[in-house]
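I'd like to ask you about the structure that follows.
First the proteins, then the strands, lettered A, B, ... as listed; each starts at 1.
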2 protein chains.
Amino acid sequence: MASQSSGRRVTAADIARSLGVSRATVGFVLNETPGQTISPATTARVLAEARRLGYRPHIAARALASGRSHLVLLVLPDWPIEHSLRENIDEATQALDEHGYTLITFTPHEGARSRPLWETLQPDVVMGLLRFPAPLIRSMREAGVERIIPDPDEASNTRYSEGGPRLQVEHLHELGHRRLGFARPGDPRLVELADAREAAATAAAVNLGLEAPRTLEPVCVGSELDPPVQAWVDAGITGVVAFNDDVAAAIIGAAARAGIAVPRSLSVVGHDDTPTALMFEPRISSVQIDSTGLGHYLAALAIHALDGTPTPDWEQTSAVTLISRESTSVSPSTQE
Amino acid sequence: MASQSSGRRVTAADIARSLGVSRATVGFVLNETPGQTISPATTARVLAEARRLGYRPHIAARALASGRSHLVLLVLPDWPIEHSLRENIDEATQALDEHGYTLITFTPHEGARSRPLWETLQPDVVMGLLRFPAPLIRSMREAGVERIIPDPDEASNTRYSEGGPRLQVEHLHELGHRRLGFARPGDPRLVELADAREAAATAAAVNLGLEAPRTLEPVCVGSELDPPVQAWVDAGITGVVAFNDDVAAAIIGAAARAGIAVPRSLSVVGHDDTPTALMFEPRISSVQIDSTGLGHYLAALAIHALDGTPTPDWEQTSAVTLISRESTSVSPSTQE
DNA sequence: AATTTCAACTAGCGCGAGCTAGTTACGCTC
DNA sequence: GAGCGTAACTAGCTCGCGCTAGTTGAAATT
């Protein structure tokens, strides 16, 4: 337990010296190196001495010698998913920690001119939630990153964004809504994800025999989107699939100003189940993502890439749920 | 530009060999080692060859040789400040990058049982926004972290949380409000920060000759806080200093349900100027934090600790601003 | 001309851990 | 009691880089 408060750091050599054994022996014990037979007695002595001296392996030295940094870099898009994402990053962190890897998150912002973290950190794996654009992949490869998830050379299997929109559409459909709108966020950073979600929503609608949802031009938070919402209602749209809870809130606000009652005249479903959804008047129906599952899935993906463990299946490990609140109700046309 | 796509990595020795100079020379050029005189011609050749071969220094080796990891670990509390914080982390990241350091953020969650990142990462500095509790400091020290910010051995100078609440109180005071309430968040993770903000608000109120704001018992998002708000109004409170925009939104929602007009009968000021503030009906007056300034401040603190540069002054480098919107207006008592 | 100075380089150690290629010494067989 | 196998260990190289302690040769000084 004790550790020299201000002296040099304790190395494996210190343990060896203090015990009168060789450095190699210490290394074998501490790493449980396979193929090496160390007597239980020696093993115990080494471990005890390591603890006594407060030994901590020097990660830089380990990385240099072993050639692996034991770092996993999770590249986060700057989505405001925050709330659910945070939790599953935790899960993933822990799962990876148990395998001796450290998960570090990183959000490459457009504005920032600093070097991407994979260049400085030289992680063993770089993971992302969506496929990486080609220039980024090139940058990673040049920086010596050999494992990239999702694998740029394989057909995409990232379907994180499909389940939610489908649930949103199905929810509105069950309530009798037949003409839907899709409300996009104004934030340019979200374009990619919005595209994915809109495509999923459209697919789900068409699948149910509905016409494809009309798209509301990007919503600028705080801007005047009252007229467009009015136009939607005039066009017979009764249900709105919102990109996320914030967009849903914006639509509801606009509706309120335009004198459109929510949910009586217009139902709105959010996505991500953020705290906003609960705090709004009316409370927003939303899609909750199983963060724990996603976290484990992420970790499993990384470990797979590192150890060759079989790739886990996303559908099995995670799920999305629709939480019905007061912002959605039976379609007015059904009410007659 | 070219880099061997699958071979071994390019080392400084490769450059030296390819150029017929010594490894030391290459090192001196690449590090611009002070006290070494390398001819411009050689310097140029080395740099050109480094670029041509696609040389990237091996950070683990560098860390091992130099004894410094060149990592700065920013420990984030799990506040939902997100919005403003994210931006200034960016600023800090960049500022540190320019000094050759990499900023990594980390949120030690209560539930997570994985090792704290300073043990695995062995950063040169660990920074936090508030003072660290003693056990954490011990853990850092044991892990070999020598620089901790804020310095545990010095009197606290972390006043990140003072300016905002003061502005909130002053704003309400200027509008004629004389009896204020302070609305706290329900989230237990925020207790510490809420304490700090409430203390600052109280101090500001007393300083203006007001009585100390009454505290609203922790607000559970989505819970029924209508009665307490009603009680406040009955007690003559006309202005509410909310811990943050979310709490402000909750208060406004409760007021709406209780039939209390905002801002006519009750003014509410938020904090942090999150997107929520803009999206709410009415739009919430809030305190905006100069994130760029805070970011630079954080970076400056770290660089100070590393290089001995003079400690920057927080007041000078950053600022808070009150943004007045529709959730606050002149006190009803003044209107008579 | 002898000495000093200094720009411009180089040889090579050390950082701490991983790990290969040994070296003992002991037990067991024939 | 020689031969063999193997448990239990060790010497020492390696990883890539930082950097000290030189070496060299030419210009400047006395």
Item to check | Summary of salt bridge (Lys or Arg N to Asp or Glu O under 4.0 Å) pairs that have at least one residue in residues 97-109 of chain A, sequence neighbours excluded | outcome: A:D97-B:R115
Item to check | Stretch residues 36-43 of chain B: residues that reach within less than 4.0 Å of DNA chain D through a heavy atom | outcome: B:Q36
Checklist outcome for this item: Within residues 27-35 of chain A, those residues having any heavy atom closer than 4.0 Å to DNA chain C are A:F28, A:N31
Next on the checklist: Tell me every residue that passes salt bridge (Lys or Arg N to Asp or Glu O under 4.0 Å) with A:R138, counting only those two or more places apart in sequence or in another chain.
Outcome noted: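 If we apply the salt bridge (Lys or Arg N to Asp or Glu O under 4.0 Å) test to A:R138, skipping adjacent residues, there are no hits.
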Item to check | Pairs satisfying salt bridge (Lys or Arg N to Asp or Glu O under 4.0 Å), at least one member in residues 25-49 of chain A, at least two apart | outcome: A:E49-A:R52
Checklist entry - By side-chain contact (heavy atoms from CB on, under 4.5 Å), which residues pair with A:A65, not counting sequence neighbours? => result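 Listed in chain order: nothing, the list is empty.
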Item to check | Qualifying residues under side-chain contact (heavy atoms from CB on, under 4.5 Å), relative to A:T42, sequence neighbours excluded | outcome: A:T25, A:I38, A:S39, A:V46
Checklist entry - Who passes side-chain contact (heavy atoms from CB on, under 4.5 Å) against A:E192, sequence neighbours left out? => result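 Testing A:E192 for side-chain contact (heavy atoms from CB on, under 4.5 Å), a comparison that skips the adjacent residues, returns A:L130.
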Checklist entry - To the nearest 10 degrees, how far apart in direction are the end axes of the helix from C:dA1-D:dT30 to C:dC30-D:dG1, each fit to five base pairs? => result 60°
Checklist entry - Considering residues at least two apart in sequence or located in another chain, which fulfil the side-chain contact (heavy atoms from CB on, under 4.5 Å) criterion with A:R147? => result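 A:R147 satisfies side-chain contact (heavy atoms from CB on, under 4.5 Å) with A:R68, A:V125, A:A305, A:L306 only.
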Next on the checklist: Taking any atom closer than 4.0 angstrom to a non-hydrogen atom of chain A, what span of DNA chain C does the protein reach, first nucleotide to last?
Outcome noted: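 First and last nucleotides in contact are C:dG16 to C:dT20.
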Checklist entry - What residues, two or more places apart in sequence or in another chain, satisfy salt bridge (Lys or Arg N to Asp or Glu O under 4.0 Å) together with B:R56? => result A:E119, A:E142
